[in-house]
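Structure first, then comments.
Below, chains carry the letters A, B, ... as their sequence lines are ordered, and counting in each starts from 1. Every heavy atom of this structure was used, including side-chain atoms; hydrogens, water molecules and symmetry mates were not.
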Amino acid sequence: MQRTRIKQLLATTPTNQTIVVKGWVRTFRNNQFIALNDGSTNNNIQIVVDFANTPEALLKRITTGACISVTGTLIASQGKGQSVEVVATALDILGDSDAEKFPLQPKKHSLEFLREIAHLRFRTNTFGAIFRVRNALAFAVHQFFQQKNFVYMHTPIITSNDAEGAGEMFHVTNFDIKNPPLDEHGAIDYKQDFFGKPTNLTVSGQLEGELAAMAFGDIYTFGPTFRAENSNTTRHLAEFWMIEPEMAFADLNDNMDLAEDMLKYVIKYALDTCTEDIEFLSNRLLEEEKQKPQNERSELTLLEKLNFCLTNNFERITYTQAIDILKESPHNKKKKFQYLVNEWGVDLQSEHERYLVEKHFKKPVILTDYPKNIKAFYMRQNDDGTTVRAMDILFPGIGEIVGGSQREERYDLLTKRMTEMNIPLHELDWYLDTRRFGTCPHAGFGLGFERLVLFVSGMTNIRDVIPFPRTPKNCEF
RNA sequence: UCCUUCUUAGCUCAGCUGGUUAGAGCACAUGACUGUUAAUCAUGGGGUCCCUGGUUCGAGCCCAGGAGAGGGAGCCA
C-alpha cells in the first residue's frame, strides 16, 4: 500500500479508512502518542499506539528522530489538539535513532546551534518552513519568467573572464598547487593548466546573458554564483544563487517594472502556496522580537510586511533626490549618521539606505541614476555626463536586494568608458561584438535569491536560508 | 579585513571580591502513571570550565597569545 503524505492526511475526512504513513518521530508522549512528521507540512500527525499490546522492546525504539512506517486507521481525534489521528495496527521501525545521541531535542534550539548541525536542521519546524518557502520562491521565479516567454539560459560556472570587477574570484585549477609548472620567467605557466589559461568560478552571468538577449530578446539565468570576498555579515555568502534577467529593447523603466512585478509575483506565490509556513515564520519572528526592546521591534508582522509589499508601489527616486532627502533629514542635521551626507557623489552607506527605506519612505525603494564613478563600466551613460542608468532596489531589513541597469549599447561610449576604467578591451572582445553587430538598447538586473528568501521568511541571517552555507572559513557538509 | 561581545553538562544559561567537592532548567536513563499536546511525578548518570602559556599559596574568574562563534562596518546580490 502506498503511503499518504501527512499534509494530505490532515485534510482528509476520517472514515476509518486504512492508510500507510511514513516519517520521523518528533515526540513520543505517554508511551502512547507519536507526533509524526514527514516534511510535507510542519503539522504532525498523531499516531495512537496500543501500548498494552505492543512489545516493550518496540516501544523503546520509538524515539525522537527515529524513522517509522505505520499502517493504521484514520479516525476523528478523540483528543483536543488535532482533528484526525491514526490508530496504529502495524508499526515498523525503519531507522533507529539513539535518543541519547540524537542532537535535536523536543525543545527550542538556538539558530547558531542548528547551524552547526545543518544536516539535521531540516527536521525542525523553522527550517522545514524556510526551505519549503525557498522551494516555492524558486519555482515561482521560473513560472514568472516562463509565463512572459523569457528563455532560461545556463551561463557558465567556470569562466576565464575576470574583467567584470563584481568581486574577488575563486581560482579554478587542477595544478598541484605545491608544485605548479613554471614558464621561462618563473611565473606559473597556465598554458599547461586544464583550460590552458587561468580560470575562475563565475561572479555573475550577466555578460553572457547579454549575448543571449541579443538573440532571444528576453532571457534569464538562475544559478549559483561565487564570490571570494572576505565578507562576514548576515547578508553575504561565498556561494549564492542569483537570478539575472536581460531584456533587449528595454530601458531602465522597463527594467524597474520587471523587477517590481517579479518580486510581487513570487512573494504572492509564496503567500498563496506556503500560507501555514509563512504564518509559522511570522509568529516565530514575533516571539524572537519579544526579546528586543520595544523601539527595535518591527512595526509590522512578517505577514503584514509581505502584504504591504504587494499592495504598494515601490518608491522610485534618483540618487540625486536621495542625497537631497538625506541632506535635509533631521537625522543628518542632528548628526545621528555615522557618515554625514554633505555632498553629491559619495556612495550611500547602509545606514543611509536603511534610513530611506525604514524611516523615510517605509517601503521598498528603487534608487536610480547613480554617479558613474561608483558604478560598473557597462551601465548606460546619461546625457548629463556624470550619472548612469543604474538602479538598486532596497528592501527593509535586507538593504540591496536587486542591482541592475540599462546597458551601454553604444560601442564608442562603452569602449571609452572601459579605457577610462582600465578594463582591457581585448579580454572582452566577444562582449563588444554585441555592440558591433546589431546592438540595441537593453537592460537587466541581478537578484540575490537568498536575500529574497531572507525577506520572505523573516529570518535575519542569510546562513539560515541556504541549506549549507559557504562563508569565509566555513565549508562544512 | 576592522570594531565589538561571547565561549562552563547533549542544549540554554548561572557561577559573588581569586578560596575547599562547579550549579540550575530542559534533554537523556530508570521506575510510576496512562487520552497525551514541550504530559506529569520520583530517582539517577552526565564536566578537557575553548586551547596554550603566565601571575598566584590557590585560577572557571586575573594577564598574554591563539582558535571558534554572534552582532555591527566595509565590499556587494
Whether A/Thr159 side chain and A/Asn161 backbone form a donor-acceptor pair below 3.5 Å: yes

Over-ring placement of A/Lys264 relative to A/Phe314, 6.0 Å and 45° cut-offs: yes

Sugar-phosphate only, base, or nothing, as touched by A/Gly446 at under 4.0 Å among non-hydrogen atoms: sugar-phosphate

Span that lies between the C1' atom of B/C49 and that of B/A59, in whole angstrom: 11 Å

Exam field: side chain A/Asn37 to backbone A/Thr41, donor-acceptor pair closer than 3.5 Å: yes

Sugar-phosphate only, base, or nothing, as touched by A/Gln78 at under 4.0 Å among non-hydrogen atoms: base

Qualifying residue, where the test is side chain to side chain donor-acceptor pair (under 3.5 Å) with A/Lys375 and the options are A/Asp347, A/Thr387, A/Asp392: A/Asp392

Rounded C1' spacing from B/C28 to B/U20 in Å: 31 Å

Residue-phosphate contact under 4.0 Å: A/Ser350 side-chain N/O, B/G74 OP1/OP2: yes

Side chain of A/Lys107 - closest among B/G10, B/G70, B/A73: B/G10

Ring center gap for A/Phe139 and A/Tyr269 short of 6.0 angstrom: yes

Ring-on-base stacking B/A77 with A/Phe240 (under 5.5 Å, under 30°): yes

Touch class at under 4.0 angstrom, heavy-atom based, for A/Gln349 against every strand present: sugar-phosphate

Sugar-phosphate only, base, or nothing, as touched by A/His236 at under 4.0 Å among non-hydrogen atoms: base

Residue-phosphate contact under 4.0 Å: A/Thr234 side-chain N/O, B/G72 OP1/OP2: yes

Rounded distance in Å - CZ (A/Phe113) to C1' (B/C6): 18 Å

Where RNA chain B forms stems, i.e. three or more consecutive Watson-Crick or G-U pairs with both distances under 3.5 Å: B:1-7 with B:67-73, B:10-13 with B:23-26, B:28-32 with B:40-44, B:50-54 with B:62-66

hbond_proxy A/Ser231 side chain to B/C75 base (donor-acceptor, 3.5 Å cutoff): yes

Atom-pair distance (CZ on A/Phe28; C1' on B/A29), nearest Å: 16 Å

Whole angstrom value for the distance that separates P of B/C2 from CG of A/Asn232: 11 Å

Side chain A/Glu85 and base B/G35 donor-acceptor under 3.5 Å: yes

For atom CD of A/Gln105 and atom P of B/C28, their distance in whole Å: 7 Å

Spacing between A/Ile117 atom CD1 and B/G68 atom P, to the nearest angstrom: 21 Å

Presence of salt bridge, A/Arg389 and A/Asp251, under 4.0 angstrom: no

d(CD, A/Glu450; C1', B/C76) in whole Å: 14 Å

Distance flag, aromatic centroids of A/Phe449 and A/Phe222, threshold under 6.0 Å: yes

